[in-house]
Structure formats: structure tokens, C-alpha cells
2 protein chains.
Amino acid sequence: MSVVLQRLEEALCASGRRLTMQRRLILKELAEADGHLDTVALCDRVRVGDPSISLATVYRTLTVLKELGLVEEHNLGQERSHYKVMLGDPHHHFVCLLCGKVIEFDTPLVAQIEQELSEREGISVVHTDLHATGYCADCSRAVD
Amino acid sequence: MSVVLQRLEEALCASGRRLTMQRRLILKELAEADGHLDTVALCDRVRVGDPSISLATVYRTLTVLKELGLVEEHNLGQERSHYKVMLGDPHHHFVCLLCGKVIEFDTPLVAQIEQELSEREGISVVHTDLHATGYCADCSRAVD
DNA sequence: GTCCATGCAAACTGTTTGCACGCGC
DNA sequence: GCGCGTGCAAACAGTTTGCATGGAC
């Protein structure tokens, strides 16, 4: 069992909520997903373990996880919301305007911006979210 | 008539689309709104000028404006999408978590990030939106 | 045994679309 | 006059919720 899954389960129990089989499966898939999952994709993967799990349960579990700050919801311009486990390094997103592909990246320049901003404005930056849009390599070629 | 409104109307005409009364009203409200507007707020304001304008028209017009790159859609975690006119220099936002104050800023580092990202991933970045949160100078002092 | 969590289906909300009419060009 | 743009209402998609049952504690 991965350490991420373990931490998710512990946090859920610590909040006084019950660790049901459905939640266990949902946490497992979230922990194993390396990228973002939307609600339907998550539900599909969870149903491999138990086909009777309903989409409503997935939504309710995600709501709980958001409340606990264990998971982050992103609206990247697509039809459905995407969710990602927040344990791990912060990162940013590039979304292709044509095919919707999401590329995650991180760069020390963001920290540099935060520092510059803090000094210039006398503010205290807690979190920075960078969202780039454009055309991915494949779609750039297709346009030519 | 503001220069922003004028540029919006010109851009719409230049794209070969018709400048109807409804679109005129929608562009006017978008140009006058200093902050972000969601679809319903925009429709309400437009209906002051003409109560018969439908929400569908607002959505259709916003879709056109998005296609032309005149307006940007933001999903800031709220129920509805927000839209903002994109004319003028690009800039980014810092929002104070306590008092809600918004500080607009720009930094060459963002362009640097775009370039780095383009080269590393082989992508073509069209637009980058940076959204920082934290505590403004006043609120930082209040917390101490 | 208590009561939270679930499955189901229906309700809800934001957004899109089909259609006939009307207006910009 | 042609054809895009509009209003209306219905359709749609994602998400939430009411209710009775079942399982975690």
C-alpha cells in the first residue's frame, strides 16, 4: 500500500468519518492516478473493483476530501471537473486549446515571482496558481 | 463611448459578424464592468437596456467573443463562469484572503516562464494567467 | 444499536441547441 | 432579399439531493 493512500485513509479516519469499502476504492484510485482524474474516469476505475458504486458516492467522497484539503478541484475549461491529490509538490498547468491535453509543470520562476511580489507590494503570498493555455506539440503541427 | 467598447465593436465587425443591438448592449456592459462578470450578472445588466434579451444570446455572444480572443473565461471555483475583457496589457492578480483586495501586477518573469515552457515541451503558449493568493500589507500587519 | 454512508432515481443548475421569425447588411 | 442572429423552450450534462436500506463503529 502506497504511503499516499495510507495518508489519505488516516486523514479521513482522523476526521471522524467512516472508512467504507467504497471510500477505500476511491482513495486507492486517486492515490494511484499519476495525473488528473475527472469524476467519470474516477468512477469507471472504481467500478472495476466494485461495479455497484454510484457516481453520487464518488461526488460525495470528493466533496469530503475537498473539505479536508486532501484533494484539489480544477476547472481546466473542460466539461467536467478534474481532481488531484494534493499531497506532493505544487505544480502548474498548461491546457491545449484544441485537444484539451493537460501538461503539468513546475518552475522555480514562480517562487521568484512570489518573492518579487512580496517585496514590491509588502504582501505575503500563500499560494500561486499558474494556468497557461495554447497549443500542444501535436496540435501545433496539425495547424501548420 | 469608451475606447474599449469601440475596439470590441470594431473587432466584432472585422470578423464579419453583425453588430446587433443585443451585442452592442452586451459589449457595452462588458466594457464598463471593471471587474469580472458572470453570465447571469451580465444578462441582468444587459436587460436594463432591453428586458427581452435572452440568456441564450448572452451565452452565444460570449462564445463568439471567446473565439475572437476578446474575452476570457474564468472558473474561479464558483458556480458560474466569469468573463473578463482581455483588451489592454496582460496582467495578473493577487487576491487578499482576508479583505479580498485585488492587486494587479505584471512581471517579465511570466514571459520567461512561457518561453521556458515552450522550449521544454515543444508547445505554443497563447496566454498565461497567474493567480496569487495571500495576505495584503494591511492584513499582514493586522495578523501580527 | 446508532447513525453515517450508500444506491437509486429524481431534481437542480448552468449551458447548449432546434426552430421559426426578424433584422443587419 | 439573403442569411446570420435572436427569443423561446426544450434538451443536455454535470452535480446534488431525498429516501429507504445497509454497514462501520
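When reading the values below, keep in mind they use all heavy atoms of this one structure, side chains included, and skip hydrogens, waters and symmetry mates. Naming: A, B, ... by sequence-line order, numbering from 1 per chain.
Here the closest non-hydrogen pair linking B/Ala31 and B/Leu8 is CB-CD1, 4.2 Å.
For B/Leu62 and C/dT17, the CG to P distance is 15 Å, given to the nearest whole Å. The nearest whole Å value for the distance from the CG atom in B/Leu25 to the C1' atom in C/dC23 is 15 Å. Between B/Asp44 atom CG and C/dG14 atom P there is a gap of 12 Å when expressed in whole angstrom units. Separating the CZ atom of B/Arg47 from the P atom of D/dT6 is a distance of 14 Å, rounded to the nearest angstrom. With rounding to whole Å, B/Arg24 atom CZ is found 14 Å from D/dG5 atom P.
Every pair passing salt bridge (Lys or Arg N to Asp or Glu O under 4.0 Å) that includes a residue from residues 110-122 of chain B is listed here, sequence neighbours excluded: B/Glu116-B/Arg120. Each salt bridge (Lys or Arg N to Asp or Glu O under 4.0 Å) pair with one or both residues in residues 59-71 of chain A, not counting sequence neighbours, appears once here: A/Arg17-A/Glu67, A/Lys66-A/Glu73.
Take A/Thr57 and apply the side chain to side chain donor-acceptor pair (under 3.5 Å) test, not counting sequence neighbours, and it matches A/Ser54. B/Asp50 is linked by a side chain to side chain contact (heavy atoms under 4.5 Å, CB included) to B/Leu25, B/Ser52, B/Ile53, counting only residues two or more places apart in sequence or in another chain.
Panel note: side chain B/Arg23, backbone B/Thr61; no donor-acceptor pair is recorded below 3.5 Å.
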Polar atom pairs between nucleotides 4-6 of chain C and protein, under 3.5 Å, N or O only, would you list them?
from  : atom 1 : to      : atom 2 : distance (Å)
C/dC4 : O4'    : A/Arg18 : NH1    : 3.2
C/dC4 : O4'    : A/Arg18 : NH2    : 3.3
C/dC4 : O2     : A/Arg18 : NH1    : 2.9
C/dA5 : OP1    : A/Arg18 : N      : 3.3
C/dA5 : OP1    : A/Arg23 : NH1    : 2.9
C/dT6 : OP1    : A/Thr20 : OG1    : 2.8
C/dT6 : O3'    : A/Gln22 : NE2    : 2.8

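Position along DNA chain D of the nearest nucleotide to B/Asp50 versus A/Leu55 favours B/Asp50 as the more 5'-ward residue.
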